[in-house]
Chemist: 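Let me begin by handing over the structure; questions about it come next.
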Amino acid sequence: MVPKIAMIGGGSWATAIVKMLSDNLSEKEIFWWMRNETAIEHIKKFKHNPHYLSSVEIKLEADHLSSDIGSIVQEADFVILNVPAAFLKSTLVGITAAHLKGKKIVSAIKGIVPEDNLIIGEFLHEVYNIPYDDILVVSGPCHAEEVALEKLSYLTIACTEIQTATKFATLLNTRYIKTNVSDDIYGTEYAAVLKNIYAVASGICHGIGYGDNFQAVLISNAIREIKLFVDAVHPINRDIMESAYLGDLLVTAYSQFSRNRTFGNMVGKGYTVKSAQLEMNMIAEGYYAAKCMHLKNLSYGVEMPICKAVHSILYENRSPQIEMKLLAEKLN
């Protein structure tokens with residue numbers, strides 16, 4: 001049976017995954033939901049997303065694009081969720097547990113649902129009764145902009161049912177995409193959330209004027225924070241040096257394409273949080289994640305000075321210069 005895949009979301013990462021799926025040689029049917037009717041009509045006519053990765057050719061049938069999320073979800077065996085975490089609940093208005101029953105739900109979202117303070121897998125399980133065996137997580141290191149350029153990239157597909165992860169991974173494998181599989185849905189999701197906070201920290205430090213030497217210390221401490229937290233939340237045998245953890249952290253903290261680093265850099269240079277958000281045309285998940293992880297860690301009590309410093313700057317109006325100077329005394 002030819003698998004049917006629904007993409008929910010119209011941004012750069014959604015466009016990149018649609019490209020991967022389209023370029024893969026396996027037989028499949030791809031359906032795409034986005035909210036913007038004008039963008040849908042543009043893609044149908046010109047085969048390019050007018051707002052994101054506009055150089056990418058969209059190889060979908062015109063009748064496979066729609067702003068009716070119910071009809072798109074109904075068609076699918078795999079439903080890929082690819083909207084900012086802060087907008088997930090509003091996107092899924094009208095979609096019930098019955099609509100998703102029996103489908104494999106794939107999270108390509110690297111964030112926490114703010115209202116519920118849940119990672120996406122937990123949200124799907126608790127709100128929509130999706131069994132964990134039917135939930136998959138896509139993690140990097142992989143920037144959409146490099147996928148558009150067909151630069152060699154790696155993805156990790158996590159699911160408690162490895163056969164399901166392997167099946168979905170084969171749908172993404174292309175000449176320029178290599179895939180790994182994992183059963184660590186908690187660790188990969190939390191690592192993806194945390195790395196956005198550390199990318200904001202990296203950007204703040206760059207904006208203030210710290211150099212590469214300090215950045216190396218910052219990120220080496222960040223991966224230790226990630227390990228401490230994911231081991232506290234879900235203590236299993238995992239190698240934190242694998243690309244889904246360390247690799248994703250590195251590319252998000254250092255890359256010119258990182259929206260979280262860009263956001264942090266603006267804050268470090270003196271922008272207010274609000275003005276930095278308005279300046280960007282994409283969501284920096286690390287902003288929302290900083291508050292959510294601060295609240296979540298109240299129950300775990302893990303020592304996370306970098307996360308604490310970012311939270312203080314973004315939500316307590318603390319000086320980036322002072323907070324990072326204090327943080328520097330705690331790193332090694």
Chemist: Taking Glu285 first and then Lys110, would you say they form a salt bridge - that is, a charged N and a carboxylate O separated by under 4.0 Å?
Modeler: no

Chemist: Pair Tyr154, Cys142 - check side-chain contact (heavy atoms from CB on, under 4.5 Å), show working.
Modeler: CA-CA 6 Å; Tyr154 289 70; Cys142 192; over 6 Å; no

Chemist: Hey, is OH on Tyr128 packed in by over 12 heavy atoms from elsewhere, all under 6.0 Å?
Modeler: yes

Chemist: Specify the closest pair of heavy atoms between Ala290 and His311, including all atoms of both residues, with the distance to one decimal.
Modeler: O-CD2, 3.6 Å

Chemist: Between Ala199 and Asn260, which heavy-atom pair has the shortest distance, and what is it?
Modeler: CB-CB, 3.7 Å

Chemist: Taking atom CE of Met7 and atom CG of Leu81, what is their separation to the nearest 0.5 Å?
Modeler: 9.5 Å

Chemist: Going hydrophobic residue to hydrophobic residue with side-chain gaps under 4.5 angstrom, can you get from Leu218 over to Val302?
Modeler: yes

Chemist: Would you say that more than 12 heavy atoms from the other residues, nucleotides or ligands in this model lie under 6.0 Å from the NZ of Lys291, or not?
Modeler: no

Chemist: Show your working on side-chain contact (heavy atoms from CB on, under 4.5 Å) between Val181 and Thr166 and close with a plain yes or no.
Modeler: CA-CA 6 Å; Val181 296; Thr166 302; 3.9 Å; yes

Chemist: Donor-acceptor pair, distance only, cut-off 3.5 Å: does the side chain of Asn36 make one with the backbone of Ala39?
Modeler: yes

Chemist: What distance do Leu327 atom CG and Ile204 atom CD1 have between them, rounded to the nearest 0.5 Å?
Modeler: 10.0 Å

Chemist: Less than 4.5 Å apart, any side-chain heavy atom of Ile5 and any of Glu29?
Modeler: no

Chemist: Test your reading of the model: is there a side-chain donor-acceptor pair from Ser54 to the backbone of His51, 3.5 Å cut-off?
Modeler: no

Chemist: Measure the spacing between CG of Leu124 and CD1 of Ile119 and express it to the nearest 0.5 Å.
Modeler: 10.0 Å

Chemist: Group every Ile, Leu, Val, Met, Phe, Trp and Tyr by side-chain heavy-atom contacts under 4.5 Å, then state whether Val56 and Val147 land in the same group.
Modeler: yes

Chemist: So that I can tick it off, tell me whether Asp77 and Lys4 are bridged by a salt bridge, with the cut-off set at under 4.0 angstrom between side-chain N and carboxylate O.
Modeler: no

Chemist: When the ring planes of Tyr315 and Tyr287 are compared, do they come out parallel, tilted or perpendicular, using 30° and 60° as the limits?
Modeler: parallel

Chemist: Identify the two heavy atoms, one from Ile120 and one from Ala85, that lie closest to each other, and give their separation to 0.1 Å.
Modeler: CD1-CB, 4.3 Å

Chemist: Is there a continuous path of hydrophobic side-chain contacts, each under 4.5 Å between heavy atoms, that joins Tyr300 to Met304?
Modeler: yes

Chemist: Could you report the tightest heavy-atom contact between His125 and Ile135, atom names first, then the distance?
Modeler: N-CD1, 4.1 Å

Chemist: Rounded to the nearest 0.5 Å, how far apart are OG of Ser71 and CG of Asp63?
Modeler: 10.5 Å

Chemist: State whether the side chain of Gln215 and the backbone N or O of Ser202 hold a donor-acceptor pair below 3.5 Å, judged by distance alone.
Modeler: yes

Chemist: Nearest 0.5 Å please: distance from the OG atom of Ser182 over to the CG atom of Asp239.
Modeler: 11.0 Å

Chemist: Is there a continuous path of hydrophobic side-chain contacts, each under 4.5 Å between heavy atoms, that joins Tyr254 to Val310?
Modeler: yes

Chemist: Looking at Leu298, I want to see if its CG is surrounded by more than 12 non-hydrogen atoms of other residues, nucleotides or ligands under 6.0 Å.
Modeler: yes

Chemist: Quick one about Tyr186 and Glu122 (side-chain donor to acceptor, distance below 3.5 Å, no hydrogens or angles considered), yes or no?
Modeler: no

Chemist: Show the numbers, then the answer: is there a side chain to side chain donor-acceptor pair (under 3.5 Å) between Ser255 and Ser258?
Modeler: CA-CA 5 Å; Ser255 174; Ser258 171; over 6 Å; no

Chemist: Regarding Glu57 and Lys47, does a basic nitrogen lie under 4.0 Å from an acidic carboxylate oxygen?
Modeler: no

Chemist: How far does SG of Cys307 sit from CD1 of Ile226, to the nearest 0.5 angstrom?
Modeler: 8.0 Å

Chemist: Regarding Glu150 and Arg175, does a basic nitrogen lie under 4.0 Å from an acidic carboxylate oxygen?
Modeler: yes

Chemist: Taking atom NE2 of His143 as the centre, report whether more than 12 heavy atoms of other residues, nucleotides or ligands fall under 6.0 Å from it.
Modeler: yes

Chemist: Do Met293 and Ile197 touch side chain to side chain, with heavy atoms closer than 4.5 Å?
Modeler: yes

Chemist: Does either side chain, that of Asn24 or that of Thr174, offer a donor lying less than 3.5 Å from an acceptor on the other one?
Modeler: no

Chemist: Counting only heavy atoms not in Glu115, do more than 12 fall under 6.0 Å of its CD?
Modeler: yes

Chemist: Are more than 12 heavy atoms from other residues, nucleotides or ligands located less than 6.0 Å from atom CG of Asn213?
Modeler: no

Chemist: Tell me, with the steps shown, if Glu225 and Tyr198 meet side chain to side chain donor-acceptor pair (under 3.5 Å).
Modeler: CA-CA 10 Å; Glu225 282 193 18; Tyr198 300 126; 2.7 Å; yes

Chemist: Quick one: do the Glu37 and Ser67 side chains pair a donor with an acceptor below 3.5 Å?
Modeler: yes

Chemist: Decide if atom CD of Glu316 counts as having more than 12 heavy atoms of other residues, nucleotides or ligands within a radius under 6.0 Å.
Modeler: yes

Chemist: Does His64 reach the main-chain N or O of Glu61 with its side chain, forming a donor-acceptor pair under 3.5 Å?
Modeler: no

Chemist: Determine, step by step, whether Met280 and Met266 satisfy the side-chain contact (heavy atoms from CB on, under 4.5 Å) criterion, reporting the C-alpha distance in whole Å, the side-chain angles of both residues, the deciding distance to 0.1 Å, and the verdict.
Modeler: CA-CA 10 Å; Met280 297 178 67; Met266 294 167 73; 4.1 Å; yes

Chemist: Have a look at Tyr190 and tell me which of Ile185, Val230, Asp184 forms a side chain to side chain contact (heavy atoms under 4.5 Å, CB included) with it.
Modeler: Val230

Chemist: Any chance NZ of Lys44 has more than 12 other-residue heavy atoms, nucleotides or ligands included, within less than 6.0 Å?
Modeler: yes

Chemist: Using the rule side chain to side chain contact (heavy atoms under 4.5 Å, CB included), only one of Ile8, Thr15, Leu21 pairs with Trp32; which is it?
Modeler: Thr15

Chemist: Do side-chain atoms of Thr91 reach the backbone of Phe87 as a donor and acceptor pair under 3.5 angstrom?
Modeler: yes

Chemist: Might you point out which heavy atoms bring Lys104 and Asp133 nearest each other, and give the distance in Å?
Modeler: NZ-O, 4.5 Å

Chemist: In sequence, state the C-alpha distance, the side-chain angles, and the governing distance for Ser243 and Asn180, and then conclude on side-chain contact (heavy atoms from CB on, under 4.5 Å).
Modeler: CA-CA 9 Å; Ser243 62; Asn180 304 304; 3.9 Å; yes

Chemist: What I want to check is whether the side chains of Glu242 and Thr156 have a donor and an acceptor closer together than 3.5 Å.
Modeler: no

Chemist: Does any part of the side chain of Ile105, heavy atoms only, come nearer than 4.5 Å to the side chain of Ile130, both counted from C-beta?
Modeler: yes

Chemist: Look at the side chain of Asn221 and the backbone N and O of Asn332, then say whether any donor-acceptor pair between them is shorter than 3.5 Å.
Modeler: yes

Chemist: Side chains of Tyr288 and Asn196: donor-acceptor distance under 3.5 Å anywhere?
Modeler: no

Chemist: Do Leu53 and Phe46 belong together in a cluster built from hydrophobic side chains that touch within less than 4.5 Å?
Modeler: no

Chemist: Quick one: does Lys178's side chain have a donor or acceptor within less than 3.5 Å of a partner on Leu155's backbone?
Modeler: no

Chemist: Kindly give the heavy-atom pair with the smallest separation between His42 and His48, and that separation in Å.
Modeler: CD2-O, 3.0 Å

Chemist: Ignoring hydrogens and geometry beyond distance, is a side-chain donor-acceptor pair present between Asn173 and Thr179 at under 3.5 Å?
Modeler: yes

Chemist: When you measure from the side chain of Lys101 to the backbone N and O of Asn129, does any donor-acceptor pair fall under 3.5 Å?
Modeler: no

Chemist: Sort out for me which residue in Arg259, Lys195, Arg261 forms a side-chain hydrogen bond (donor to acceptor under 3.5 Å, both in side chains) with Thr252.
Modeler: Lys195

